[in-house]
Structures are given as structure tokens and as C-alpha cells.
Amino acid sequence: MNLRGRLVEVGEEREVETQYGTRSLAEMTVRPEGGDVDAPDATVRVTLWGKWTHTADLAESGMDLLVTDAEESEYRGETTYATSKESYVVLEPDFLVDVTDVRSWVQCPRMYYLNKLSGIPLNYPVVKGTVVHEVFGDLLRGRDLEDSIDERVAEAGLQLGLLGYDAEEVRDEVRRNAAAIEGWLAQGTLTEEDGWRSEYTLISPTFGIKGRADALRRGMPVELKTGKNLKRDPRFQDKIQAAAYALVLAERGVPADTATLLYTKNTALERNEESGDLSPAKEFSVGKGLLDFVVRKRNEIAAMEFDFSVPTGFEADAKCEYCFEQDTCMVVSGRLDQESKAGQIGTPLPEDEREYFDRFYRAIEEERRETHEEYRKLWEQSAEERADDDRALIDLDYVDRREIEGGRWELRARRPDGAVSKLREGDICLASDGDPVGGHAELCRIRELGDEVVVTADEPVELRRLDVYPSEISVSRMLTAVHDALLKGSEDRKDVLFGRRDPEFSARSAEAYVDNNEAQNRAVRLSVDADDAALVHGPPGTGKTYTIARTVRALLDDGQRVLLSAFTNRAVDNAVEALREQGFEDIVRVGTENGVREDMLDLRLKTAGEPNDRAAALNDAPVVAATTSSCGSRMMREQSFDVALVDEASQLTEPGTLAAINLADRFVLVGDHQQLPPVVRAENDLQKSLFERLVDRYPEASVMLDRQYRMSQRIQAFSSAEFYDGALRPAGGEVAAQRLSDLGVAESALPEELRDPVAFVDPGGSRVGNTNPAEADRVAELVDAYAAAGVDPDDIGVIAPFRAQVAEISKRTDVTVDTVDRFQGSSKEVILVSFVAAGGLDGPIFEDHRRINVALTRAKKALVLVGDADALASDPFYARMLDWARR
DNA sequence: CCTCTGCTTAGAGGA
């Protein structure tokens with residue numbers, strides 16, 4: 001039986017005499033929860049024997065403990081538990097450790113930490129390794145070798161070019177590696193029963209491990225290593241990696257007692273030079289002892305992460321003099337004043353910088369845990385809960401699967417009526433046969449998401465369910481951004497970030513840039529003149545994007561290389577579009593094919609191609625446009641700019657902003673901290689943007705754009721008064737006085753209640769989950785009324801706080817319906833806001849008034865608030881809103 | 001990708 005629960009008391013390790021000699025043990029007290037032992041409000045004792053005392057030593061009360069196959073016995077009338085020979089002891093099983101992290105931890109705990117902190121930089125062995133892995137996968141899928149090499153090397157063109165490699169030499173090297181793979185595949189008995197599978201995505205709720213095995217052969221893990229190993233045995237950490245996959249497979253009931261490591265650089269030539277068995281493939285048996293070891297190592301990581309501590313290297317007996325990372329390790333230890341086995345070099349950072357590092361390290365790790373929580377939902381939530389959570393499409397009707405080029409698969413299913421989810425076309429997600437953890441699951445890309453769902457994947461899954469696949473990438477990139485800012489950033493930059501020096505300005509700008517808007521003109525001048533930083537505060541409709549484009553052009557005229565960035569692809573594309581409208585086209589857009597908007601794809605940097613050519617395309621671009629997340633990528637981290645201009649900066653976490661500004665000498669942040677704040681899962685320091693912090697700290701380095709071109713006077717009044725101290729004004733009489741009649745709509749054709757440009761309608765009805773069906777009906781009627789009066793449906797938008805209500809309304813109308821978060825940045829002539837607030841205003845959606853500011857400022861000529869008047873009136877802010885709407 | 005060690009054993013068991 002599995003015993004699981006919260007640790008209440010952790011006993012010391014001690015030695016006892018048994019009939020088999022001296023043995024060690026440690027006793028734990030656990031409050032059972034979530035395992036097979038059901039003892040609410042009671043505690044039980046568990047004895048951990050032998051090597052599991054190692055895990056006991058790491059344990060702290062408050063941690064979650066799992067003992068699998070625990071033995072139950074009676075002692076003095078008390079039921080107690082102990083580890084058996086089959087047992088594993090897992091600390092904090094909900095913390096999912098990546099297999100490659102276990103691998104680096106086994107090499108040296110400090111290396112695990114350094115990888116996490118500074119990321120893996122762009123280097124040749126890693127790029128080549130990726131290419132060889134891809135070719136390996138292609139070969140397993142039966143693809144022609146030369147075709148695969150040509151395509152995969154070409155795909156890595158940009159990276160290879162940035163590293164100064166020539167395609168032909170890389171192809172040759174990959175060919176040599178592939179020869180070892182082919183030779184091994186050909187030798188002996190490769191039959192249908194071999195049951196090859198490539199790239200197997202594995203998640204283990206029991207052991208708290210996740211990862212992707214390179215391949216499975218007859219159910220046994222195969223790991224590909226693109227280096228050479230002329231010793232008889234596989235490298236220990238390689239064995240650990242393969243054993244970790246075997247462990248996860250065992251949980252699925254398909255135990256693997258053997259694993260294979262394929263060292264593709266063990267070529268025929270080298271084999272001849274040495275005697276003995278130097279075939280590229282090294283098989284080894286995976287015993288319980290090795291699996292225990294893997295779990296113990298995983299526990300070391302989980303225990304360290306539990307209290308956000310930092311490994312020193314003393315946790316293992318690594319010998320630092322052999323380590324290639326010794327210098328980096330010593331520098332990081334020295335600068336951050338961390339204890340380290342390798343020692344320290346350099347003087348520690350000032351205390352406030354170290355405090356900043358600790359604070360954000362913790363916040364980012366908390367965010368990582370929240371990501372793990374999303375994984376946990378893959379197996380803990382019932383299908384219905386999962387569907388309500390809209391992070392999955394479940395109960396799909398499987399249609400078919402067919403093989404497409406490259407041995408890959410296209411999977412089809414039909415989606416039941418009305419199923420909604422966060423999933424979007426182009427997303428990477430987890431396709432499964434209905435059970436994403438225990439069943440057949442594979443990462444896939446969504447191609448079509450209509451009534452029929454079409455995805456492509458490496459393996460032929462019977463598509464019955466799609467889940468959001470949680471990714472730690474953004475979390476990891478935040479951490480490397482903080483690392484880069486503190487350890488690689490200039491002192492000048494840090495003086496400003498840490499409030500030690502006010503941003504300075506030099507008179508560079510001479511001309512007037514914008515002649516009809518004084519604030520915009522000041523914003524451009526401030527940005528051009530900034531030696532360190534400039535902040536542009538742009539409330540809704542104030543021409544932020546135009547100002548950004550004008551600023552970029554001014555900087556280019558001054559001979560600067562510019563990075564144009566924002567949190568979302570949409571904002572990046574909008575800025576690029578504005579730049580193009582102003583006649584500037586020499587822009588490189590870095591991003592994925594799915595991320596970049598269609599009409600900007602011609603500017604997109606193609607990463608595949610001739611290396612030199614690809615590298616030049618990026619290196620020579622005067623303007624590079626990319627999301628802040630892309631700025632944290634390996635390739636972008638190698639780029640440098642004079643100025644980074646970041647839009648939507650108020651929606652970015654500090655580390656997210658750092659990812660962009662780290663790449664440039666100076667920066668300009670554009671945003672509005674009265675609109676949506678950064679979206680983070682955990683509650684911590686990440687919720688406040690760097691933009692907001694700097695605007696508060698250096699008001700003299702900021703300009704507020706105060707003329708808005710979007711809303712009529714009547715519509716903007718509430719927002720201006722509540723959020724901008726009344727400073728926001730219409731840009732002119734025409735903007736202020738605009739009405740639906742300007743569109744040729746006869747206002748007299750509208751029902752009485754919609755005649756005023758700001759109207760309030762109480763539809764009654766009640767809240768059902770996150771919907772109010774009666775309210776949805778009413779909203780649809782109101783939309784029809786506008787359309788009947790002659791408003792083009794394309795000019796009407798509906799905003800609702802919850803995605804469920806969005807879906808409810810979408811069923812009833814064809815106009816654009818979306819959540820506030822997705823509406824930020826756009827506008828419509830007519831906006832209807834559905835509050836779904838019947839009965840009360842509970843929930844974070846209503847607490848953050850900035851969200852309402854966004855919703856109310858999307859409308860140009862008419863705005864209708866639809867909601868429960870009594871509920872809204874119960875809060876002073878919403879009461880003021882009602883007064884304004886019902887005036 | 002490069003490197004030193006870490007696992008290799010069945011099997012219960014103390015108070």
C-alpha cells in the first residue's frame with residue numbers, strides 16, 4: 001500500500017541491532033492524506049530503513065512524504081508502517097523534477113543550480129546534439145537519412161551561423177554520428193516487434209519526475225549521446241538519466257530492466273584504435289538499487305527547492321578541479337556571496353542587489369511551483385473539473401489518424417458541442433488517448449480547432465483528449481534574466497535600477513518630432529535624449545503605438561540599433577505595423593511562425609537556411625522586433641542593441657522586462673500601470689511591473705500621453721476621473737463629440753435604453769458557475785438592436801470577465817466576444833460589457849479595478865454595461881460607475 | 001558536448 005501524507009515529526013537516524021546485523025533506521029510521523037491509508041486527523045508512524053534514512057535526513061516537517069509499498073504491522077496496539085524492499089520514499093512528490101536536472105545534479109548539485117540560473121548558452125555541441133537527436137528520430141520513423149540531415153541542418157541554420165559554422169562541415173559531422181546510429185539499427189534483429197517509439201513524453205505523479213525519453217525499444221529506454229565514450233561502461237550520469245525514464249515506465253506498469261545508451265561518436269575508426277567492446281551502444285541493467293539512487297537524488301533536489309535554498313556542492317563529493325564550470329561557479333558564488341565547494345572569486349554584490357536577487361529568486365521559484373500545480377491537475381482533476389478549468393478539451397470523438405511526411409502523424413477528432421478551452425491553433429499541447437499521464441500521450445501542435453480538431457504529432461495517438469502542457473520556459477527565462485541583469489549588467493544600468501542614481505539625459509534631439517501633440521513630442525524627445533531610461537505612460541487611445549514607431553525612427557536617424565519588444569506577439573506586431581505605416585521596412589521580426597501575425601510574416605526571420613546568410617540577416621538588422629520571451633532565447637541573448645523599446649511594459653514582470661533591456665545600453669518603457677498588471681500565478685513580487693516601480697521612483701524620467709483619440713467625452717469621463725486624475729482628455733472636438741450618427745446610424749432607431757452613449761442595463765437572471773445565461777440572452781438582444789439600427793457587426797464587441805460567459809454569449813451572436821485580458825490593446829465603435837455579477841462581487845476579477853478600466857475604455861461611440869445593479873452598487877467603486885452610466 | 005564519484009543485493013528487520 002502507498003502511504004502518503006504531511007510530515008509532522010522527523011526522527012533522527014539511529015542504528016539498531018537486528019538478527020541480520022547492525023542496521024540504520026529513522027522514524028517519521030505522518031498525517032496521512034491522499035494515499036491508501038485513511039486516517040483523518042490522526043498521525044501514524046513510518047520507519048524508513050537502510051538507505052532511505054538518507055531521505056529522512058533531508059526531510060522537514062511540513063513536507064509531503066510518500067512511501068510506496070509500505071508494510072503495515074501492529075506494535076503494542078498501534079498500527080505502524082515501514083519501508084519494504086519494494087518501497088520507494090518520495091519527498092514532495094508534487095514537485096516535478098526534470099530528468100535532465102537529476103542528471104546534472106548527480107554530476108554536481110552546484111551545476112544543477114548554475115544551469116538553472118544562467119541557462120545553457122548558445123554553443124556548438126548543444127546545437128549539433130539537437131540536430132543529431134532530430135535525425136535519430138527521423139531514422140526511427142523510417143525517413144531517408146540524407147533528406148533528414150539536409151533538412152535538420154538547414155533548420156539549425158541561424159544558430160550555426162551565429163556560431164560561425166559552415167553547413168557542409170556540420171552535415172559531415174552529423175553524418176558520422178548518424179552512421180553509428182544506422183549501423184546499430186541495422187545490426188541484428190530490428191523487426192516489427194522491436195516496437196520502436198521516438199520522443200516519449202513521461203510524467204510521473206508518484207516519483208515527481210517528468211521528462212522526455214529519446215526513444216523506447218521494446219519498452220526499454222534508449223538515450224542518445226552525441227559525444228564519445230571509449231570506456232566500457234556508460235557514463236554514470238547517462239545511466240541515471242536512462243534509469244529515471246525506466247523508473248517512470250515502471251510506474252506505468254511496464255518495468256524496464258535494461259536501458260541502452262547510444263554514443264554516436266564512437267565511430268568505426270575509433271573502435272579500431274582501441275581493443276575491446278566499443279560499439280556505440282552500451283546496454284546496462286537497471287536494478288532496484290540504481291532506481292533507489294535516482295529517487296534519492298531526486299529527493300535531494302525536492303528538499304532543496306522546498307525551502308528555496310541554494311546548493312553548495314558539498315552535498316556530493318564532486319571534485320571541483322575536474323569541472324569545466326569551476327570558474328563560473330566561483331564567480332557566481334563570489335558575487336552572490338554563496339557558500340561553494342569550489343570557493344569564491346570577486347567581491348560580493350551590494351547588499352540591496354543580493355536582497356533583490358533573493359527576493360526574485362524566491363518569487364520565480366514560487367511561480368515554478370504553480371506551474372507544477374498545473375501538471376498535477378493533469379492527473380488529479382476529474383475529467384469534468386478539467387473541462388471546467390478550460391485547460392483541456394476532453395471527450396473528443398476520435399476520427400482517424402494518417403501518416404504524413406517525415407513519418408509523422410496527423411490526428412483528427414471531433415469536439416463535442418460547446419466545449420471551450422484556452423487552447424488555440426498553433427499551440428503545442430498534450431494529445432492523449434484520454435489519459436494524459438498513464439495512457440498514450442504525445443506532444444503535438446494544433447493545426448485546426450473547429451468542430452473538427454486536427455493536430456500533428458510524432459506518434460499515432462488515438463486522439464481523445466487535448467491538454468494544455470504546462471511549460472517552465474517562461475519561469476526559467478525570468479531567472480536567467482535576473483541573473484544576467486545582476487551579474488552581467490553594467491554598473492550604470494544597475495545604479496538606475498536600484499535607485500542609486502537618477503536617469504540622465506543629454507540634448508540629442510533637436511527637431512520637433514510630432515507637431516500636433518505636445519505630450520507625444522515630449523515622449524519622443526525624452527526617449528531620444530535618454531542616457532539610461534525613459535518612461536512613457538500611455539493611457540487608452542493616446543497613440544502609444546504611433547509614438548513608439550515615431551521614437552524608433554528618431555533613434556534610427558540618430559544611428560542607433562533598436563530592439564522593439566513587448567509582452568505579447570500582438571503588441572510587437574502592432575508596433576511593427578505602425579513603423580511600416582511610417583514608411584520604415586528594414587525590420588527583422590524574430591518569432592515563431594504561429595506567433596507572428598500573418599501580414600508581418602514577410603519580415604519574419606527565417607531560422608532555416610544557409611548559416612552565414614541567416615546570421616547576417618539578424619546581425620545586420622537595424623531594428624529587431626521580438627517578444628520579451630524571445631529576447632530570453634539563446635540566440636537573442638547573444639545580440640546587443642543601443643536601445644530597447646518595450647511596449648506593454650506595465651503588463652510585464654520585472655524579470656520579463658529585464659530579459660529585453662538586458663540586451664541594450666539604454667531603454668524606453670511604454671505602458672499604463674492603470675491597465676492590466678502582469679499575469680502571474682503566485683502572489684509575490686512579480687505582480688508589480690518594473691515600469692510602475694520606475695515611474696514611481698523617477699517621475700521626472702516619464703511623460704504621460706494625455707490626449708486620447710478613441711473615446712467620446714462621455715465615455716472617457718469615468719476612466720479619466722478614476723484613474724488619471726482627470727488629466728486624460730479627448731484629442732479634439734471631433735473625438736469628444738463623436739456619436740453613432742457619424743456612422744450613418746439613426747440613433748432614433750435604437751431602443752430608448754440605448755440612446756445615451758453610455759447606458760446601463762440590468763437583465764436580471766442569476767449566476768450559474770461563471771456564467772449568467774439570462775444576461776447572455778440580453779446581451780445578444782442588445783447586439784441585435786445595434787445591428788438593426790445599422791451598426792456594422794464588425795464594429796461591435798462584447799467583453800465578459802470569464803471565458804465561460806464569453807462562450808455563453810458567443811453561442812448567441814456572431815460579433816467578437818472576448819475576455820478583458822484579450823481585449824486590451826484593441827477597440828470597437830460599440831462595446832457591451834457583461835459583468836456576470838449577480839448576487840455579489842466576489843472574486844479577484846472584480847477586485848482589480850484596472851481590469852474595469854480596460855473594459856470601459858475599449859468603446860469609441862457607445863458603451864453598454866450589462867449587470868446586476870444591486871450587486872454592483874454594493875461596492876463604492878462600482879457604485880460610482882453606475883452613477884456615471886445612469887446619469 | 002567535455003569530467004571525479006555516486007549504482008550493481010537476495011531479504012528480513014528494532015522497540
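Computed from a prediction, not measured in an experiment: that's the story for all the values here. Proteins get letters first, then strands, A, B, ... in listed order; numbering begins at 1 in each.
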Between [options], which nucleotide gets closest to the side-chain atoms of [X]?
{"X": "Lys85(A)", "options": "dC4(B), dG6(B), dA12(B)", "result": "dA12(B)"}
{"X": "Gln237(A)", "options": "dG13(B), dT3(B), dC7(B)", "result": "dT3(B)"}
{"X": "Tyr75(A)", "options": "dA15(B), dG14(B), dC7(B)", "result": "dA15(B)"}
{"X": "Tyr20(A)", "options": "dT3(B), dA12(B), dG6(B)", "result": "dA12(B)"}
{"X": "Lys225(A)", "options": "dG6(B), dC1(B), dC7(B)", "result": "dC1(B)"}
{"X": "Leu290(A)", "options": "dG14(B), dC2(B), dC7(B)", "result": "dC7(B)"}

Could you give the [atom1]-to-[atom2] distance, from [X] to [N], as a whole number of Å?
{"X": "Asp69(A)", "N": "dA12(B)", "atom1": "CG", "atom2": "P", "value": "12 Å"}
{"X": "Tyr322(A)", "N": "dT5(B)", "atom1": "OH", "atom2": "C1'", "value": "10 Å"}
{"X": "Glu12(A)", "N": "dG14(B)", "atom1": "CD", "atom2": "P", "value": "21 Å"}
{"X": "Leu291(A)", "N": "dG6(B)", "atom1": "CG", "atom2": "C1'", "value": "15 Å"}
{"X": "Arg235(A)", "N": "dC1(B)", "atom1": "CZ", "atom2": "P", "value": "8 Å"}
{"X": "Arg176(A)", "N": "dC1(B)", "atom1": "CZ", "atom2": "P", "value": "16 Å"}
{"X": "Asp238(A)", "N": "dC1(B)", "atom1": "CG", "atom2": "C1'", "value": "11 Å"}
{"X": "Gln241(A)", "N": "dT3(B)", "atom1": "CD", "atom2": "P", "value": "16 Å"}

> Can you check whether Arg45(A)'s main-chain N or O pairs, donor with acceptor, with Thr80(A)'s side chain at less than 3.5 Å?
Replying inline: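 Such a contact is absent between Thr80(A) side chain and Arg45(A) backbone.
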Is the distance from OP1 or OP2 of [N] to the nearest side-chain N or O of [X] less than 4.0 Å?
{"X": "Thr226(A)", "N": "dC1(B)", "value": "yes"}
{"X": "Lys51(A)", "N": "dC7(B)", "value": "yes"}
{"X": "Arg14(A)", "N": "dA15(B)", "value": "no"}
{"X": "Arg23(A)", "N": "dG14(B)", "value": "no"}

> Would you say the base of dG14(B) and the side-chain of Thr47(A) have a donor-acceptor pair closer than 3.5 Å?
Replying inline: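 Donor-acceptor pair under 3.5 Å: yes.
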> Do the side chain of Gln107(A) and the base of dT5(B) come within less than 3.5 angstrom through a donor-acceptor pair of N or O atoms?
Replying inline: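 Such a pair does not exist between side chain and base.
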Less than 4.0 Å between a side-chain N and a carboxylate O, is that true for [Y] and [X]?
{"X": "Arg298(A)", "Y": "Asp101(A)", "value": "no"}
{"X": "Asp233(A)", "Y": "Lys282(A)", "value": "no"}
{"X": "Asp292(A)", "Y": "Lys51(A)", "value": "no"}

> Taking the same atom, C1', in dT9(B) and in dG13(B), what whole-Å distance lies between them?
Replying inline: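 That atom pair is separated by 15 Å.
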> In terms of side-chain heavy atoms, does Thr480(A) have a donor or acceptor partner in Arg637(A) at a distance below 3.5 Å?
Replying inline: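 No pair is found: no donor N or O on one side chain lies under 3.5 Å from an acceptor on the other.
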> With under 30° as parallel and over 60° as perpendicular, where do the rings of Tyr124(A) and Tyr165(A) fit, or are they tilted in between?
Replying inline: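 Rings of Tyr124(A) and Tyr165(A): parallel, under 30°.
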Looking at every strand, decide which applies to [X] at a 4.0 Å heavy-atom threshold: base, sugar-phosphate, or nothing.
{"X": "Glu71(A)", "value": "nothing"}
{"X": "Ser285(A)", "value": "nothing"}
{"X": "Gly129(A)", "value": "nothing"}
{"X": "Glu17(A)", "value": "sugar-phosphate"}
{"X": "Thr83(A)", "value": "base"}

> Mapping Ala82(A) and Trp105(A) onto DNA chain B by nearest heavy atom, which one lands closer to the 5' end?
Replying inline: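 Result: Trp105(A).
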> Picking from Tyr112(A), Tyr113(A), Phe293(A), what satisfies ring pair (Phe, Tyr, Trp, His ring centres under 6.0 Å) with Trp105(A)?
Replying inline: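 Of the listed residues Tyr112(A), Tyr113(A), Phe293(A), the ring pair (Phe, Tyr, Trp, His ring centres under 6.0 Å) partner of Trp105(A) is Tyr112(A).
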> So, Phe293(A) and dG6(B): ring centres less than 5.5 Å apart, planes less than 30° off, yes or no?
Replying inline: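 No, Phe293(A) does not stack on the base of dG6(B), since the centre distance and plane angle fail the 5.5 Å and 30° test.
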